[in-house]
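Quick notes on the structure that follows.
Every value quoted in this text rests on a predicted model; they were computed, and no experiment measured them. Note: hydrogens, waters and symmetry copies are ignored here, and every other heavy atom, side chains too, is used. Chain naming here is simple, since letters A, B, ... match the order of the sequence lines and numbering starts at 1 in each.
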Amino acid sequence: MRLSQLLIPTLREVPAEAEIPSHTLMLKAAMMRKLASGVYIYLPLGKRVLKKIEEIVREEMDRAGAQEVLMPAIIPAELLKESGRWDVFGPEMFKLKDRNDREFCLGPTHEEVFTDLVRNEVKSYRQLPLTIYQIQTKYRDERRPRFGVMRSREFIMKDAYSFDADWDGLDVSFDKMYDAYCRIFDRCGLKYTVVEADSGAMGGKDSKEFMVTSSVGEAVIAYCDSCGYAANEEKAECIVEHESDEEMKPLEKIHTPDVRTIDELVSYLDVKADKFVKTLIYKYKGKIAAVLVRGDREVNTVKLANLLKVNENDIDLAYEETVRSVTGANVGFAGPIGLKGDVLLIADAEVPMMKNIIVGANETDYHLKNANYGRDFKADVVSDIRKVVDGDKCPRCGNPLKLERGIEVGHIFKLGTKYSDALGANYIDENGNEKPMIMGCYGIGLNRIAAAAIEQNHDDKGIIWPMSIAPYHAIVVPVNVSNDAQRNLAEKIYDELSKAGIETLIDDRDLRAGVKFNDADLLGIPIRITVGKKASDNIVELKLRRDENSIELNYDEVVNKVKELIINSI
RNA sequence: CGGGGUGUAGCGCAGUUGGUAGCGCACGUGCUUUGGGAGCAUGGGGUCGGGGGUUCGAGUCCCUCCACCCCGACCA
């Protein structure tokens with residue numbers, strides 16, 4: 001392709017709307033443009049990258065025995081009402097009506113549609129197992145689209161669903177997808193970690209997320225270098241510290257006028273935050289729970305939701321009036337001793353190990369000093385409900401955990417019979433009995449792979465594409481197109497590379513060398529062939545985007561050298 | 001949905017106490033130049049986010065709506 005003809009409006013200045021490197025570079029390198037918040041146009045270069053990723057995903061899914069189909073983006077409301085998710089998704093869905101007032105939505109995900117297909121077309125154990133997938137655009141009206149393509153409202157996803165006769169079969173299907181995912185992300189040149197994830201109170205197990213490590217990732221993952229344990233923040237656990245051997249001191253009421261938060265208490269009393277226990281009042285499904293965690297800890301609401309056996313969004317911090325009626329005090333003075341009414345008292349596993357702690361007194365402007373678990377108060381439930389922090393002990397081997405941020409590019413988990421039960425996706429087994437199919441669900445965000453690859457592969461000049469997903473393999477740059485020798489040799493090389501099946505660009509624009517070099521660096525094309533002053537001697541330069549230095553070679557060596565470079569890096 | 005911020009040329013921005021809208025880059029034309037974002041000359045491009053109001057006069061002041069960005073909440 002000729003740059004003189006390619007729609008490639010690179011930007012010289014950084015667009016004001018972009019905050020992270022991948023977003024900035026995708027705009028600057030003319031891969032995409034924004035149409036609305038979280039809605040993007042892909043230009044030729046961006047589209048090529050997506051196609052490359054798509055092709056890798058397709059090859060690996062096919063290799064793993066999955067079959068490609070294509071589902072409609074428009075889904076009738078009844079189907080989602082049948083599974084109950086019309087209400088679960090709620091405002092996250094783009095909803096629409098047809099001319100006869102029938103309700104539809106733009107598919108945010110396709111469990112129901114796949115299950116519907118299979119329940120109608122698959123009847124016998126002889127037809128199982130079956131894994132089908134599609135590569136298709138999903139629509140989610142995110143509350144807050146963010147960071148360009150990282151969290152957008154329209155995005156391309158590969159979603160696959162497996163149907164098995166039994167749980168052992170599901171394990172086999174699941175493992176195949178796991179392996180396929182590893183191959184996909186390896187081939188895309190990504191550094192990633194597979195972490196254990198929570199699949200919520202609504203069922204599903206063996207939930208695993210593929211996280212591309214990146215400082216701009218929205219997810220936090222905890223991992224252990226010693227034993228390989230890795231989990232996302234919601235799921236991550238740790239070993240509880242041993243019981244403190246301090247002597248118990250007598251309980252004492254202390255005056256703390258207008259001192260409410262842990263921060264304020266720390267400076268008012270000059271005591272470290274780890275000597276406090278804070279009491280948070282939560283409301284869930286009309287009931288009230290008081291949650292105790294150490295002053296410097298945070299409650300993990302996913303763990304709390306699982307403990308209470310409710311959905312995470314059924315839990316909320318209680319309003320002021322509820323707090324007042326439960327504690328008999330203003331907000332900021334809640335404590336475990338003397339709570340009124342029907343309150344479930346939950347203590348984080350760490351709390352019983354602490355001695356002589358400071359808690360709220362359930363009386364405005366007062367706290368209690370030297371409170372001790374067992375002597376002064378007891379919880380209804382003691383459980384791990386806090387977020388892990390850097391340095392906590394690994395639940396498997398006891399070595400310190402590390403925290404890192406990650407971009408979730410893939411998620412696989414075992415659904416079981418959630419949708420087959422809801423929609424009646426049954427089969428007849430060898431004995432003539434009707435049984436629900438056992439399902440698995442496997443997703444990959446294709447646009448996110450592109451963005452994640454840029455996050456992991458860029459410098460201050462631009463993108464540095466891995467060969468496998470680069471929009472083009474090579475770019476030929478004649479330094480001066482008005483020089484006949486340079487132009488002719490560049491054209492000859494471009495021709496030969498193209499004929500050899502190498503995806504090649506030629507920068508035939510009548511621009512200064514600096515502009516062309518800067519664009520080539522910005523676009524991130526892996527191999528650059530510069531045709532300059534030595535063109536008359538048939539000598540050209542070859543430079544890799546990821547390296548500083550270039551080498552000179554005779555023009556007739558170019559095709560073989562480039563071929564070799566591509567083969568060695570895919 | 002709460003908090004903060006921004007909307008002026010394709011992009012990045014300036015615009016004073018209210019007085020007929022500018023700069024850089026980009027774009028068109030001509031000449032010179034040509035190995036890391038050229039120089040000179042010349043030209044085109046604006047409902048100043050929309051609507052309403054105050055005023056002789058509004059990019060500027062007031063009201064209102066909208067869009068976009070950031071933080072938080074939320075995210076099968």
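- A:Tyr442 is listed as a side-chain neighbour of A:Lys158, based on a closest heavy-atom distance under 4.5 Å.
- Taking atom P on both nucleotides, B:A76 is separated from B:C62 by 43 Å, rounded to a whole Å.
- When both distances must be under 3.5 Å, the Watson-Crick or G-U wobble mate of B:A67 is B:U6.
- The separation of B:A67 from B:U8, taken at their C1' atoms, amounts to 15 Å, rounded to a whole angstrom.
- With hydrogens and angles ignored, a donor-acceptor pair under 3.5 angstrom links the side chain of A:Arg151 to the base of B:C75.
- Using a 4.5 Å heavy-atom threshold, the side chains of A:Ile475 and A:Ile529 count as separate.
- In this structure, the nucleotide among B:G37, B:A76, B:A73 sitting nearest to the side chain of A:Asn518 is B:G37.
- B:C1 and B:G72 make up a base pair, with Watson-Crick or G-U wobble contacts both under 3.5 Å.
- Nucleotides B:G19 and B:A38 are separated by 38 Å at their P atoms, to the nearest Å.
- Summarising the base pairing, B:U42 is matched to B:G28 through a Watson-Crick or G-U wobble pair whose two defining distances lie under 3.5 Å.
- For A:Lys461, counting side-chain heavy atoms from C-beta on, the closest listed nucleotide (B:G36, B:C71, B:C68) is B:G36.
- Here the nucleotide nearest the side chain of A:Phe147, chosen from B:C74, B:C70, B:A38, is B:C70.
- The aromatic rings of A:Phe413 and A:His411 are tilted relative to each other, their planes meeting at an angle between 30° and 60°.
- Nearest nucleotide to the side chain of A:Ala16, out of B:C70, B:G12, B:C69: B:G12.
- Side-chain atoms of A:Arg85 and A:Tyr419 include a donor-acceptor pair closer than 3.5 Å.
- Taking only side-chain atoms of A:Lys418, from C-beta outward, the nucleotide of B:U34, B:A76, B:G37 with the closest atom is B:A76.
- Across B:G35, B:C71, B:C69, the shortest atom-to-atom separation from the side chain of A:Lys34 is found for B:C69.
- Using a 4.0 Å cut-off between charged side-chain N and carboxylate O, A:Asp159 and A:Lys138 make a salt bridge.
- Candidate nucleotides B:A38, B:G12, B:G37 were compared by shortest atom distance to the side chain of A:Arg512, and B:A38 ranks first.
- Comparing the C1' positions of B:C13 and B:G3 gives an interatomic distance of 27 Å, to the nearest angstrom.
- Between the base of B:G36 and the side chain of A:Asp521 there is a donor-acceptor pair shorter than 3.5 Å.
- Side-chain atoms of A:Arg143 lie closest to B:C74 of the nucleotides B:C69, B:A76, B:C74.
- Looking at A:Arg509, its side chain has no donor and acceptor atom pair within 3.5 Å of the base of B:G37.
- When distances are taken from the side chain of A:Arg12 to each of B:C71, B:G12, B:G37, the shortest belongs to B:G37.
- Listed nucleotides: B:A76, B:G24, B:U34. Nearest to the side chain of A:Asp510: B:U34.
- Nucleic acid contact class of A:Met157 (heavy atoms, under 4.0 Å, all strands): base.
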